[in-house]
Amino acid sequence: MNLHLLWFALIVMLFTGFFLLEGFDYGVGILLPFLGKQDIERRVILNSIGPFWDGNEVWLITVGGAIFAAFPDWYATLLSSFYPEMFLILVALILRGAAFGFRNKRKPRAWRTFWDWMLFTGSLLPSFLWGVVIANLIEGIPLDARMNYVGGFWYPLNPYAFLGGMLFVALFTLHGAIFLSLRVPHDLEERARSFARRLWFPTLSLVVLYMGSGYFASAV
């Protein structure tokens with residue numbers, strides 16, 4: 001029992017590290033098309049996370065390995081229950097990595113704009129879907145006696161999970177804005193600060209609503 005608790009605590013720490021460190025990467029990707037008015041500004045924004053974004057995803061690989069090693073039944077049930085969500089997260093992460101790699105391969109504006117929006121999509125989609133997955137884990141998912149998922153295709157997108165997705169997007173975007181306000185110069189810094197000032201209250205409101213809804217969702 002103590003070993004199980006130790007593994008569970010380790011997995012929680014790994015998930016926390018992933019969301020804290022990868023969160024600002026997602027937030028920067030979400031803000032890229034809106035903060036960067038010109039190509040040079042967008043390159044500055046991307047350079048701010050250039051040394052970090054790839055390494056931060058190692059946390060996700062590690063947490064997956066830890067769950068598989070310590071709780072194989074949980075691992076199998078988690079992936080099978082949220083197969084569409086996990087598949088979309090994987091596709092989004094591939095698009096995100098491709099955007100970093102291909103954006104500067106050609107100079108036409110349309111080419112770079114396309115990859116900027118792919119980076120936006122590859123940051124927004126995982127942010128929302130991770131919130132959906134975590135909310136469902138808090139609320140509980142329908143399983144049979146063999147730990148097989150018996151909910152419908154649309155069950156994970158229940159109101160509480162949708163609220164969780166919105167909260168994660170807001171949190172990561174706020175995190176990205178704060179990070180950029182410390183990393184980029186001059187006009188970009190002021191724009192990032194302005195975004196952070198406008199985001200903090202809606203984000204706090206979502207946190208309070210999510211916590212209150214979580215009490216009733218988990219009590220059912």
Side-chain angles (χ1 to χ4, degrees), residues 17-61 84-133 157 162-203 205-206:
F18 171 69
F19 289 132
L20 284 176
L21 296 177
E22 187 72 0
F24 71 79
D25 284 351
Y26 288 153
V28 170
I30 293 170
L31 290 170
L32 177 66
F34 308 104
L35 283 182
K37 305 301 182 182
Q38 302 174 1
D39 181 66
I40 190 171
E41 293 179 340
R42 294 186 178 187
R43 279 188 288 172
V44 169
I45 292 172
L46 290 176
N47 288 340
S48 70
I49 59 173
F52 311 115
W53 73 271
D54 199 12
N56 287 340
E57 292 183 356
V58 174
W59 289 85
L60 181 59
I61 298 171
E85 290 76 18
M86 293 297 180
F87 177 77
L88 288 175
I89 288 174
L90 180 59
V91 171
L93 293 179
I94 292 173
L95 285 176
R96 191 163 176 264
F100 278 105
F102 291 131
R103 184 187 186 276
N104 293 324
K105 296 298 183 182
R106 296 179 61 188
K107 292 185 178 180
R109 183 176 180 180
W111 172 268
R112 295 190 173 187
T113 301
F114 171 79
W115 287 114
D116 288 342
W117 283 104
M118 289 300 100
L119 183 59
F120 167 81
T121 304
S123 300
L124 178 67
L125 196 57
S127 301
F128 178 78
L129 291 176
W130 276 120
V132 168
V133 171
L157 292 177
F162 192 84
L163 178 62
M166 292 177 58
L167 173 61
F168 270 52
V169 170
L171 282 171
F172 292 162
T173 306
L174 177 60
H175 195 182
I178 295 172
F179 174 81
L180 285 175
S181 71
L182 302 173
R183 297 281 298 186
V184 296
H186 310 308
D187 292 343
L188 278 176
E189 176 187 358
E190 185 53 40
R191 281 182 224 157
R193 289 183 184 275
S194 177
F195 261 86
R197 293 190 193 103
R198 283 181 284 175
L199 282 172
W200 77 266
F201 183 75
T203 302
S205 301
L206 283 173

Check: Checking Ser194 side chain against Glu190 main chain: does a donor-acceptor pair fall under 3.5 Å?
Finding: no

Item checked: Polar side-chain atom of Lys37 near backbone of Phe34 as donor-acceptor pair, under 3.5 Å -> yes

Item checked: Trp200 atom CH2, neighbour heavy-atom count above 12 within 6.0 Å -> no

Notebook entry, point to check: Taking everything shown except Phe162 itself, do over 12 heavy atoms lie less than 6.0 Å from its CZ?
Noted result: no

Can you confirm whether [X] sits close enough to [Y] that some side-chain heavy atom of one is under 4.5 Å from a side-chain heavy atom of the other?
{"X": "Ile89", "Y": "Trp130", "answer": "yes"}
{"X": "Tyr26", "Y": "Arg96", "answer": "yes"}
{"X": "Glu22", "Y": "Leu60", "answer": "no"}
{"X": "Met86", "Y": "Leu90", "answer": "no"}
{"X": "Leu119", "Y": "Leu46", "answer": "yes"}
{"X": "Leu163", "Y": "Leu167", "answer": "no"}
{"X": "Ile45", "Y": "Leu188", "answer": "yes"}
{"X": "Phe19", "Y": "Trp59", "answer": "no"}

Which pair of heavy atoms, one from [X] and one from [Y], lies closest together, and at what distance?
{"X": "Asp25", "Y": "Trp53", "answer": "OD2-CA, 2.8 Å"}
{"X": "Phe18", "Y": "Asn56", "answer": "CD1-O, 3.9 Å"}
{"X": "Ser48", "Y": "Val28", "answer": "OG-CG1, 4.5 Å"}
{"X": "Pro33", "Y": "Arg42", "answer": "O-NH2, 3.3 Å"}
{"X": "Met166", "Y": "Leu206", "answer": "O-CD1, 4.0 Å"}
{"X": "Lys105", "Y": "Trp111", "answer": "N-NE1, 4.3 Å"}

Which residues share a salt bridge (Lys or Arg N to Asp or Glu O under 4.0 Å) with [X], sequence neighbours left out:
{"X": "Glu85", "value": "none"}
{"X": "Arg193", "value": "Glu189"}
{"X": "Arg106", "value": "none"}

Checklist line | side-chain contact (heavy atoms from CB on, under 4.5 Å) partners for Leu124, two or more places apart | finding: Ile30, Phe120, Val169

What distance separates [X] [atom1] from [Y] [atom2], expressed to the nearest 0.5 Å?
{"X": "Asn47", "Y": "Arg183", "atom1": "CG", "atom2": "CZ", "result": "10.0 Å"}
{"X": "Gln38", "Y": "Arg109", "atom1": "CD", "atom2": "CZ", "result": "9.0 Å"}
{"X": "Asp116", "Y": "Thr121", "atom1": "CG", "atom2": "OG1", "result": "11.0 Å"}
{"X": "Leu129", "Y": "Leu88", "atom1": "CG", "atom2": "CG", "result": "6.0 Å"}
{"X": "Leu35", "Y": "Asp187", "atom1": "CG", "atom2": "CG", "result": "11.5 Å"}

Notebook entry, point to check: Does Phe87 have any ring-ring contact (aromatic ring centres under 6.0 Å, His included) partners at least two apart in sequence or in another chain, and if so, which?
Noted result: none

Check: With Asp39, which residues qualify under side chain to side chain donor-acceptor pair (under 3.5 Å), at least two apart?
Finding: Arg43, Arg103, Arg112

Item checked: Parallel, tilted or perpendicular: ring planes of Phe24 versus Phe179, cut at 30 and 60 degrees -> parallel

